[in-house]
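To start, the structure itself, in structure tokens.
Note that the structure is a prediction, hence the values are computed from the model and not measured. Values reported hereafter were calculated over all heavy atoms of this structure, with side chains retained and with hydrogens, waters and symmetry mates removed.
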Amino acid sequence: MSRKWKIALGVLAVVVVFCLWYTRPRSFEELVGDGRVKSISMVTSIYVFEEGLPHFDVWTVDSHEGREAVNEELEALLKSCKYRVSLRTLFQFLDGFLNDFLDIYAPPKGENEPIIDLVAVLDNDSSVFAVYRGASVTLEADRRMFVKAVDKEIADKLLAYAQEFGVQSENKT
């Protein structure tokens with residue numbers, strides 16, 4: 001094998017190792033920092049058809065004064081899941097171009113598909129914004145990350161929590 005081939009294979013090995021390391025499963029704390037949740041707000045919506053007409057059923061959950069348990073329960077749910085960061089995150093300069101192709105921004109594919117918008121303020125006063133769409137998540141802490149949840153049912157778990165403990169409103173479209 002010539003020297004050029006060895007160098008090329010070495011570079012390829014470094015790139016593969018970096019990609020595997022970058023997309024390794026990570027905890028919620030590793031992605032957003034290890035601060036505790038000070039306050040959290042979540043809006044969940046489901047696209048449904050009733051009598052042939054489409055609309056969204058919407059639930060909101062807030063951890064305002066007197067509902068501090070919401071912080072702990074939702075924080076535990078978020079921390080129960082591992083996430084894999086997408087290589088797309090490395091190419092944020094293509095955001096405008098990629099938005100057309102990202103699952104997270106596409107209209108609902110079918111009935112009962114939850115879309116969850118979550119905002120959390122940590123005790124170090126940093127903010128976390130997340131949009132859950134099945135296993136696809138857009139997460140913004142100090143930068144925007146596109147991640148896939150290892151627990152594919154995390155959005156359904158957050159929706160179940162919102163349906164049980166949240167306030168429902170109907171948003172007809």
Side-chain angles (χ1 to χ4, degrees), residues 22-48 50 54-89 92 95 98-99 102-173:
Y22 192 77
T23 60
R24 73 194 183 283
R26 299 185 215 180
S27 67
F28 189 76
E29 298 96 338
E30 287 177 277
L31 296 176
V32 302
D34 57 357
R36 297 212 22 100
V37 173
K38 187 164 51 172
S39 68
I40 197 164
S41 180
M42 183 172 68
V43 176
T44 62
S45 56
I46 299 178
Y47 187 68
V48 294
E50 281 184 9
H55 73 276
F56 283 96
D57 284 341
V58 178
W59 291 267
T60 58
V61 177
D62 233 331
S63 67
H64 52 46
E65 192 172 321
R67 297 196 67 197
E68 289 80 13
V70 169
N71 289 348
E72 296 168 8
E73 293 163 354
L74 283 177
E75 185 177 10
L77 263 176
L78 294 172
K79 290 181 176 180
S80 71
C81 183
K82 295 275 189 190
Y83 301 88
R84 288 187 169 275
V85 177
S86 170
L87 291 174
R88 273 184 205 165
T89 302
Q92 294 201 13
D95 254 1
L98 287 175
N99 282 346
L102 296 177
D103 295 339
I104 205 87
Y105 299 110
K109 294 181 181 109
E111 193 171 356
N112 296 328
E113 180 184 12
I115 300 170
I116 298 159
D117 296 314
L118 183 133
V119 179
V121 177
L122 305 179
D123 59 7
N124 61 6
D125 289 331
S126 63
S127 298
V128 176
F129 305 95
V131 179
Y132 285 79
R133 182 86 178 262
S136 297
V137 183
T138 299
L139 193 71
E140 291 186 43
D142 56 348
R143 63 189 173 100
R144 177 180 286 179
M145 291 178 277
F146 302 107
V147 298
K148 286 282 188 186
V150 174
D151 178 2
K152 305 232 183 280
E153 288 79 35
I154 187 69
D156 293 330
K157 291 176 184 178
L158 291 169
L159 173 67
Y161 183 86
Q163 287 174 329
E164 186 171 343
F165 300 107
V167 177
Q168 182 178 15
S169 62
E170 284 193 16
N171 184 9
K172 300 284 183 188
T173 56

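Side chains of Val37 and Leu122 form a contact here, defined as non-hydrogen atoms less than 4.5 Å apart. A 4.5 Å side-chain heavy-atom check between Val85 and Thr23 finds every atom pair outside the cut-off. Considering only heavy atoms from C-beta on, Leu159 comes within 4.5 Å of Ile46 through its side chain.
Applying the side-chain contact (heavy atoms from CB on, under 4.5 Å) criterion to Asp62, with sequence neighbours excluded, gives Ser41, His64.
For residues 156-165, the pairs satisfying salt bridge (charged side-chain N to carboxylate O under 4.0 Å, His left out) are Asp151-Lys157, with sequence neighbours left out.
The CG atom of Asp117 sits 6.5 Å away from atom OG of Ser45, with the distance rounded to the nearest 0.5 Å. Annotation: the span from Tyr132 atom OH to Ile115 atom CD1 amounts to 15.0 Å, rounded to 0.5 Å. Between the CZ atom in Arg26 and the CZ atom in Arg84 there is a gap of 10.0 Å [rounded to 0.5 Å]. For the atom pair CD (Glu140) and CZ (Phe146), the distance works out to 8.0 Å, reported to the nearest 0.5 Å. Distance check, rounded to the nearest 0.5 Å: CH2 of Trp59 to CD of Gln163 gives 4.0 Å.
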_Is there a side-chain hydrogen bond (donor to acceptor under 3.5 Å, both in side chains) between Ser27 and Lys82? Walk through the geometry before answering._
CA-CA 5 Å; Ser27 67; Lys82 295 275 189 190; 4.9 Å; no

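Among all heavy-atom pairs drawn from Ala155 and Ile116, the shortest one is O-CD1, 3.1 Å. The minimum heavy-atom distance linking Ala162 with Val61 is given by the pair CA-CG2, 3.6 Å. Here the closest non-hydrogen pair linking Val70 and Tyr161 is CA-OH, 3.6 Å. The minimum heavy-atom distance between Leu158 and Met42, with the atom names listed, is O-CE, 3.6 Å.
Exactly one of Leu31, Leu139, Leu78 qualifies for a side-chain contact (heavy atoms from CB on, under 4.5 Å) with Val128. That residue is Leu139.
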